[in-house]
Amino acid sequence: MSRALALVDGNSFYCSCERVFDPRLAGVPVIVLSNNDGCAIARTAEAKALGIKMGDPYFKIREMCRRQGVRVFSSNYALYGDMSARTNAVYRTFAPDVEIYSIDESFLDLSDVRERDRVALARDLRSTVRRWTGIPTCVGIGPTKTLAKLANHIAKSVPELGGVCDLSDEAERALWLVGISVGEVWGVGRASLAKLQALGVDTVADLRDLDPRPARKALTVVGERIIHELRGRACLALELVPARRKGCAVTRSFSSRITERAVLEQAVAAHATRLGEKLRRDGQATDQVTVFYHTSEHDRGDPMRSVSTVVHLPEATNDTLALIRAVRLGVARTWREPAGAPWRYSKAGVITTDLVPLSESPRTPLGALEREAAVHVSVARARRGAWCRPGSGLCQSGRGRRRPDATRPRCTARLDTVPTVLAQPPFARASARIAVPRAPSDLLLVR
DNA sequence: TCTGGGGTCCTAGGACCC
DNA sequence: TCTGGGGTCCTAGGACCC
């Protein structure tokens with residue numbers, strides 16, 4: 001039996017969750033906003049038809065929403081998480097092997113289902129999920145994850161398919177691939193799209209037929225994997241056991257700009273508290289916390305400041321009080337009283353990137369090496385327009401799906417690096433790393 | 001002409017995802 | 001007035017070691 005994966009995703013998932021609990025929202029444009037009601041992160045088809053884009057700042061569309069009768073919701077992640085669990089419970093009654101890929105997407109292993117029965121099963125799955133949870137879904141089927149994703153994209157964009165698309169058949173698949181832009185492929189973002197277009201690659205079929213070796217030069221091994229996946233050769237495995245989380249962050253924009261140290265300290269303490277909750281829930285711990293805070297890149301003309309500092313803890317912990325002490329220390333080491341116009345900070349957060357299972361965290365070793373925490377403070381003049389958050393790994397121009405503005409200046413902020421030795425002696429952590437044998441080929445992630 | 005060589009570890013930054 | 005909050009993986013290059 002041939003390998004077959006289905007990607008099932010909830011349509012406009014957050015909006016659909018809201019609709020489950022208020023049937024009057026059916027047929028009405030609905031959007032859900034990000035934290036602080038900053039921008040639109042979920043839109044129903046009716047809202048998309050009004051021209052509302054993913055990530056649109058709410059203040060720019062507020063008036064239009066009012067005029068058009070768009071129902072607007074703040075996000076409610078407890079609700080969405082609960083609904084996600086319900087949909088996955090239904091998926092498991094159709095396929096025992098399910099990888100939960102995101103809050104609204106799961107891969108199902110349909111390899112044991114006969115090829116001619118797969119579409120019917122997918123239709124049954126859709127209607128059952130709709131009946132039992134109220135959530136509308138689409139299903140894409142293919143021999144690899146990348147093709148299942150693409151099939152799901154087709155299922156969503158071609159209404160005649162009734163929400164299900166099966167790309168198992170190679171000849172039929174080839175017909176679809178010539179008509180789809182390469183930018184729709186999972187893993188091809190804005191930067192890769194530009195490189196591919198320069199190589200004369202416009203459609204998914206073009207990419208499938210590209211020689212993998214030059215592709216690797218332009219797009220790294222990731223691009224080479226995509227090509228093999230598009231040809232039906234699986235490079236990405238179904239991951240049934242969720243991987244241990246490697247990092248954890250709690251960050252928030254302030255609802256309004258802040259200038260006072262006490263307010264900042266309160267905020268980072270709250271973030272540290274939340275961080276401790278997340279770590280304890282996962283049975284993880286950390287021995288270093290990065291604290292950052294910065295002014296807004298949108299406040300051109302204001303004095304700008306971006307701070308990121310690493311605070312080392314004596315031993316790995318997930319204790320709230322220890323984490324709060326650490327982040328307050330981070331603020332104490334970096335806070336500056338303004339000489340002139342105050343810095344108006346827009347966002348703060350705490351990040352850990354080196355989590356260990358609590359059971360593995362070693363006791364403080366005697367005579368351990370002292371380490372230094374470097375405090376990076378960048379001061380960028382607004383008129384120069386340069387801006388980044390050094391040391392945080394969170395450069396605005398390079399991360400996430402933020403940065404639609406290609407003209408935004410790159411990170412050229414001047415860095416003043418001020419090494420700071422903490423009063424509390426930091427300690428090196430005995431290595432908890434376990435050597436993992438390398439896969440025979442770096443291409444194949446399938447086990 | 002020519003400045004050792006190779007391995008590992010770590011970090012910063014880029015790119016992508018939802 | 002008002003522009004999200006998380007994550008992952010890959011590569012290059014420096015530090016360090018023998």
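Naming: A, B, ... by sequence-line order, numbering from 1 per chain.
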note = Numerically ordered, the residues 58-73 of chain A set in heavy-atom contact under 4.0 Å with DNA chain C is A:Phe59, A:Arg62
Are more than 12 heavy atoms from other residues, nucleotides or ligands located less than 6.0 Å from atom [atom1] of [X]?
X: A:Glu63; atom1: CD; result: yes
X: A:Glu277; atom1: CD; result: yes
X: A:Arg213; atom1: CZ; result: no

query = Ignoring hydrogens and geometry, is there a side-chain-to-backbone donor-acceptor pair from A:Arg344 to A:Thr259 under 3.5 Å?
reply = no
task = If the plane angle is over 60° it's perpendicular, under 30° parallel, otherwise tilted; pick one for A:Tyr77 and A:Tyr80.
result = perpendicular
Out of [options], which nucleotide sits closest to the side chain of [X]?
X: A:Arg344; options: C:dG7, B:dC16, C:dC2; value: C:dC2
X: A:Tyr101; options: C:dG7, C:dG5, B:dC17; value: B:dC17
X: A:Trp186; options: B:dC17, C:dG7, C:dT11; value: B:dC17
X: A:Thr220; options: C:dG6, C:dT11, B:dC18; value: C:dT11

NA contact type, [X], heavy-atom cut-off 4.0 Å: base, sugar-phosphate, or nothing?
X: A:Asp104; answer: sugar-phosphate
X: A:Val32; answer: nothing
X: A:Ser192; answer: sugar-phosphate
X: A:Arg257; answer: sugar-phosphate
X: A:Gly349; answer: nothing

request  = Select from A:Ser346 and A:Arg252 the residue whose nearest nucleotide in DNA chain C is closer to the 5' end of that strand.
outcome  = A:Ser346
key: Most 5' of A:Ser256 and A:Ser253 on DNA chain C, judged by nearest nucleotide   = A:Ser256
request  = Using a cut-off of strictly less than 4.0 Å, decide whether A:Lys149 has a side-chain nitrogen or oxygen near OP1 or OP2 of B:dC17.
outcome  = no
ask   = Is any side-chain N or O of A:Lys347 closer than 4.0 Å to OP1 or OP2 of C:dG5?
value = yes
ask   = Any salt bridge between A:Arg261 and A:Glu265, counting N to O under 4.0 Å?
value = yes
task = State plainly whether the residues A:Lys278 and A:Asp282 are in salt-bridge range, i.e. N to O under 4.0 Å.
result = no
query = After noting the C-alpha distance and the side-chain angles of A:Lys48 and A:Thr44, does the key distance pass the side chain to side chain contact (heavy atoms under 4.5 Å, CB included) rule?
reply = CA-CA 6 Å; A:Lys48 291 173 192 173; A:Thr44 60; over 6 Å; no
query = Based on Watson-Crick and G-U pairs with both distances under 3.5 Å, what dot-bracket line describes DNA chain B 5' to 3', crossing pairs as [ ] and inter-strand pairs as |?
reply = ....||||||||||||||
inquiry  = Expressed as a whole number of angstroms, how long is the span from A:Ile41:CD1 to C:dG5:C1'?
reply    = 9 Å
